[in-house]
> 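There's a structure below that I have some questions on.
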Number of protein chains: 2
Amino acid sequence: MASSPTSTALEDRIFAALANSTRREVLRLLREEGPQAVQALADHFDMARPSLSEHLKVLREAGLVSEERRGRQRIYRLEAAPLADVQDWLHPYERFWRDRFKELGSLLDRLPDDEA
Amino acid sequence: MASSPTSTALEDRIFAALANSTRREVLRLLREEGPQAVQALADHFDMARPSLSEHLKVLREAGLVSEERRGRQRIYRLEAAPLADVQDWLHPYERFWRDRFKELGSLLDRLPDDEA
DNA sequence: ACGATAGGTAGGGAAATCCCTACGCGTCAA
DNA sequence: TTGACGCGTAGGGATTTCCCTACCTATCGT
């Protein structure tokens with residue numbers, strides 16, 4: 001279905017792309033401030049611009065961002081579809097942490113209710 | 001709130017732990033087959049057992065599994081709470097992929113419906 | 001007490017990651 | 001056309017990851 005530039009599995013690329021705080025921050029910026037050029041993104045980081053370019057490459061190859069060329073700028077845009085795959089991956093685990101919260105809930109029920 | 005064994009951010013540890021197919025497979029096994037010892041897990045992988053031990057260590061330090069000592073065995077159990085953090089992290093992005101699906105939906109609506 | 005079993009740790013090598021500086025290429029403004 | 005701007009790529013170094021083979025400790029059965 002998806003064409004993989006190298007041979008890494010789809011999920012590997014997505015999770016690996018997310019496993020870096022700079023790249024997650026890029027996603028947040030694109031989400032909150034909308035599509036923007038590389039320099040505008042780079043202004044938020046204490047990092048050389050070419051380094052950020054490589055982070056953008058990782059995000060691109062994970063399908064998490066797309067680029068549109070406008071003159072000499074490259075406008076990057078959030079592509080959230082792979083994150084839906086992450087949520088799908090999470091689904092079978094959901095009942096496990098809900099079970100845990102249920103335990104916690106009933107534990108709290110049995111406590112005296114003089115909490116702040 | 002959470003005690004970090006080293007200095008890495010909480011989310012970094014979780015995403016990094018998930019960014020490996022062996023470790024995701026361990027989580028799946030613990031989810032589908034329940035808590036089990038290291039050797040039982042190792043049987044599913046074409047990998048030396050000490051290597052799997054290190055994967056388990058990564059999962060432990062991310063809070064994704066817990067161990068219970070029973071005799072000379074260590075029973076590993078899925079701890080899904082950190083995955084709830086992942087879902088929380090995903091939440092603000094949800095509307096983006098839903099918007100995309102809406103676009104796709106209206107696109108499909110405009111197509112002739114003679115599909116297989 | 002002894003050997004076997006379960007599983008973690010040490011040490012090391014190959015490859016990947018993450019950062020840098022230098023540089024190349026395309027685009028815009030003068 | 002020439003120079004400045006925007007951004008990617010090359011190449012390299014430090015660190016981390018992921019695998020291995022040894023080896024150690026702890027527990028169990030005899």
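Naming convention: chains lettered A, B, ... in sequence-line order (proteins, then strands); numbering from 1 in each chain.
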> Under 4.0 Å between a Lys/Arg side-chain N and an Asp/Glu carboxylate O for Glu68(A) and Arg74(A)?
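No, this pair does not count.
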> Please name the pair of heavy atoms, one in His44(B) and one in Ala40(B), separated by the smallest distance, quoted to 0.1 Å.
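That closest heavy-atom pairing would be ND1-O, 3.1 Å.
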> Might you list the N or O atoms of the protein lying below 3.5 Å from N or O atoms in nucleotides 4-7 of chain D, with each pair's distance?
unit_1, atom_1, unit_2, atom_2, d
dC5(D), O2, Arg72(A), NH1, 3.2
dC7(D), OP1, Val38(A), N, 3.1
dC7(D), OP1, Arg74(A), N, 3.3
dC7(D), OP2, Gln39(A), N, 2.9

> What is the distance from atom CE of Met47(B) to atom NE2 of His55(B), rounded to the nearest 0.5 Å?
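Here the interatomic distance stands at 4.0 Å.
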> Within the 4.5 Å heavy-atom criterion, are Ile14(A) and Val86(A) side-chain neighbours or not?
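Touching, per the 4.5 Å side-chain cut-off.
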> CG of Leu59(B) versus C1' of dC18(D): gap in Å, rounded?
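In whole Å, dC18(D) C1' lies 14 Å from Leu59(B) CG.
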> OP1 or OP2 of dC19(C) less than 4.0 angstrom from a side-chain nitrogen or oxygen of His55(A), does that happen here?
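Yes, because at least one side-chain N or O of His55(A) sits under 4.0 Å from OP1 or OP2 of dC19(C).
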> How long is the line joining CG of Asp43(B) and C1' of dT5(C), in whole Å?
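Atom-to-atom, Asp43(B) to dT5(C), this comes out as 14 Å.
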> Does Gly71(A) or Glu54(A) map to a spot on DNA chain C nearer the 5' end, using the closest nucleotide for each?
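In this pair, the answer is Glu54(A).
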> Flag this pair as yes if the NZ/CZ of Arg31(A) is under 6.0 angstrom from the six-membered ring centre of Tyr93(B) and inside a 45 degree cone about the axis; otherwise no.
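Flagged: Arg31(A) positioned over aromatic ring of Tyr93(B).
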> Rounded to the Å, how far apart are Phe15(A) CZ and dT17(D) P?
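Atom CZ in Phe15(A) sits about 17 Å away from atom P in dT17(D).
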> In this structure, how many angstroms lie between the C1' atom of dG26(C) and the CZ atom of Arg70(A), rounded?
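Between C1' of dG26(C) and CZ of Arg70(A): 17 Å.
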> dC18(D) P sits how many Å from Asp46(B) CG, rounded?
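Whole-Å distance recorded here is 17 Å.
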> State, with a plain yes or no, whether a side-chain heavy atom of Gln87(B) is found less than 4.5 Å away from one of Glu94(B).
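Gln87(B) vs Glu94(B): side chains apart.
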> If only side-chain N and O atoms of Asn20(A) are considered, is one of them under 4.0 Å from the OP1 or OP2 phosphate oxygen of dT17(C)?
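No, Asn20(A) has no side-chain N/O under 4.0 Å of OP1/OP2 on dT17(C).
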